Amino acid sequence: MPKQLKPFLEALAVGCVFISITMLFEIPLYMSLIIGALAALGGYRNSIKMDREKEEKLAAKKTSPTKQDNS
């Protein structure tokens, strides 16, 4: 999966889930769509943040020498 596509797909999934949940509670459609859009935005930002943290962790692991205890 292309790296640029992953956050959009995750945001779409989160938005759909939140719209479905709010529709179960019989919230009006326009409010469900607003909640879904906000959840999708949060999912997008979270996906980018998690990818950045993963890359930083991998970079730190590659640059730091591994310690081996002989005890």
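The basis for the numbers below is simple: all heavy atoms, side chains too, and nothing from hydrogens, waters or symmetry mates. Everything numeric in this text was worked out from a predicted model, so none of it was measured.
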Starting from [Y], can I reach [X] by hopping between I/L/V/M/F/W/Y residues whose side chains sit under 4.5 Å apart?
X: Tyr30; Y: Ile21; result: yes
X: Leu38; Y: Ile27; result: yes
X: Phe25; Y: Val17; result: yes

Atom CD1 of Ile48 and atom CD of Glu53: how far apart are they, to the nearest 0.5 Å? 12.5 Å
Rounded at 0.5 Å granularity, tell me how far CG in Asn46 sits from CG in Leu41. 11.0 Å
If I compare all heavy atoms of [X] with all of [Y], which pair ends up nearest, and what's the gap?
X: Ala11; Y: Ala40; result: CB-O, 3.2 Å
X: Gly36; Y: Phe18; result: CA-CB, 4.3 Å
X: Pro7; Y: Ser47; result: CA-OG, 3.5 Å

Mind checking whether Thr22 and Met31 have side chains closer than 4.5 Å, heavy atoms only? no
Is Lys49 close to Arg45 at the side-chain level, that is, under 4.5 Å between some pair of heavy atoms? no
Under the 4.5 Å side-chain heavy-atom rule for ILVMFWY, direct or indirect, which residues accompany Leu33? Ile19, Met23, Leu29
Donor-acceptor check, side chain of Thr63 to backbone of Ala59, threshold 3.5 angstrom: yes or no? yes
Crowded around Glu26 CD? As in, over 12 foreign heavy atoms under 6.0 Å? no
